[in-house]
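Only one structure is covered here, and it is reproduced in the block below.
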Amino acid sequence: MAAVKAPGTLRRLREAGLETLVIATTSALHFVTPLSLSAAADSALHTDQSWFAPQPGAQHLRLARADLVVCVGASADLIARAALGLAGDLASATLLSVRGPVLWVPAMNEAMWLHPAVQLNVALLKSRGHHVLGPVSGSFGSSGEGAGLGRMAEPEEIAAAAMRLLSPPAQDFRGLRVLVSAGPTREYLDPVRFISNPSSGKMGFAVAEAARDRGAEVTLVTGPVSLPDPDGMTVRHIESALELREAVLHAAHDADLIVMTAAVADYRAAETKTEKEAKTAGEVSIHLVPNPDILAELGASKGRRVLVGFAMETHAGVERAAGKARRKNADFMLLNYPTREGTAFGGDDNQVTLVRPDASHDAWPRLSKREVAERLLSEARSLIGAGD
Ligand code: C5P
């Protein structure tokens, strides 16, 4: 149970100007003291005991009038009770009466989270319009027993997600066109073999979705990934770097912002065999030729477009990323480290440093990819039209 993150979350919500009310489930009180919760919320604590204390009006009905309910460190048990519509405790009864949005922030170990019973309950809640944040990969629990998927989102992200639900996203990209590339490329050697990389596409999809939600007209050009096409945007599927180049250049001419998150293979086979190569006992060598650098090509005829790239480095990150920004004529690069646990390739989180061509930079904390996307867009928005 990650109820220990509840006080931090409450503090962030209050800092954001919200009035908070807290319900502690009986099991949460094994992990966090009533005093730390009521102090963080600056209000009385509601518990299963207080529910039955004689007082006018039904407590769960009053609590359910909240504009938003956030279930921090939600257990499989509370999720199941809400999915089933049980009402034998204060938290469940409140959830059964609520009319506003509900944000679930689950915390449990990977085996429990992935169990079909939990997944079914979560799907049921989502089908009723509930929102779910995480869990994300990383270790949790004092003894690290929960390594893998299951770590709860951090208070900062929970507060950001709560604020998004309470206030519709700013429409600061209305009337603007955003082009995003995502995922890996595949460079075929023959019809069944290719050179590629483990890019999941999650970062690019998060940028595309965030831009859409902020009012942009979005084109997403993606390599092969296992994510469903997002709604409300034009999605183009490509495989090779050459196909990516064609699709990106085609959509680039009227774009206001281009974000290149795609992990483009640097090389392709000089020649792709049309038939599958038979296995031989001896060594083989493949002749590779460099792929065109699409971002650099966009930078060479940049015009008024804002260009953002990603740079994955293992060392000397800031200088190398700044050098790339200058060479490719990008407005800024987001530098990330493939070697950091739980970030970059495949993960739900990312820890990036924004690097400008003059090497000035801002290191962001570890955030969900959606939150990285929101910050990227805010930075890019401040540059769109800046030279007008
Ligand atoms: O030089 P490097 O590959 O590290 O640069 C990464 C950035 O450049 C990413 O934004 C990537 O999408 C873009 N890129 C590109 N075309 C390439 C290689 C990288 O647009 N051939």
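Both ligands and their constituent atoms are indexed starting at 1 by order of listing. Just so it is clear, the values below take in all heavy atoms, side chains as well, and ignore hydrogens, waters and symmetry mates.
Using a cutoff of 4.0 Å between basic side-chain nitrogens and carboxylate oxygens, Arg370 and Glu374 are scored as salt-bridged.
Asp254 CG: more than 12 foreign heavy atoms inside a 6.0 Å radius.
With rounding to the nearest 0.5 Å, the separation of OG1 in Thr353 from CH2 in Trp364 is 9.5 Å.
Among the candidates Arg366, Lys5, Arg12, the single residue satisfying the salt bridge (Lys or Arg N to Asp or Glu O under 4.0 Å) test with Glu154 is Lys5.
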Task: Chi angles and distances behind the salt bridge (charged side-chain N to carboxylate O under 4.0 Å, His left out) call for Arg356, Asp362 - done: CA-CA 9 Å; Arg356 301 179 191 85; Asp362 304 315; 2.7 Å; yes
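The aromatic rings of Trp104 and His130 lie parallel to each other, with less than 30° between the two planes, well short of the 60° mark.
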Under a 3.5 Å threshold, I'd like every N/O contact between ligand 1 and protein atoms, with atom names and distance.
{"unit_1": "ligand 1", "atom_1": "1 (O)", "unit_2": "Lys328", "atom_2": "NZ", "d": "2.9"}
{"unit_1": "ligand 1", "atom_1": "4 (O)", "unit_2": "Lys324", "atom_2": "NZ", "d": "2.4"}
{"unit_1": "ligand 1", "atom_1": "5 (O)", "unit_2": "Lys328", "atom_2": "NZ", "d": "2.9"}
{"unit_1": "ligand 1", "atom_1": "8 (O)", "unit_2": "Lys328", "atom_2": "NZ", "d": "3.0"}
{"unit_1": "ligand 1", "atom_1": "10 (O)", "unit_2": "Met260", "atom_2": "O", "d": "2.7"}
{"unit_1": "ligand 1", "atom_1": "10 (O)", "unit_2": "Phe310", "atom_2": "N", "d": "2.9"}
{"unit_1": "ligand 1", "atom_1": "10 (O)", "unit_2": "Phe310", "atom_2": "O", "d": "3.4"}
{"unit_1": "ligand 1", "atom_1": "12 (O)", "unit_2": "Met260", "atom_2": "O", "d": "3.4"}
{"unit_1": "ligand 1", "atom_1": "12 (O)", "unit_2": "Ala262", "atom_2": "O", "d": "2.7"}
{"unit_1": "ligand 1", "atom_1": "16 (N)", "unit_2": "Ile294", "atom_2": "N", "d": "3.0"}
{"unit_1": "ligand 1", "atom_1": "20 (O)", "unit_2": "Ile294", "atom_2": "N", "d": "3.4"}
{"unit_1": "ligand 1", "atom_1": "20 (O)", "unit_2": "Leu295", "atom_2": "N", "d": "2.8"}
{"unit_1": "ligand 1", "atom_1": "21 (N)", "unit_2": "Pro292", "atom_2": "O", "d": "2.9"}

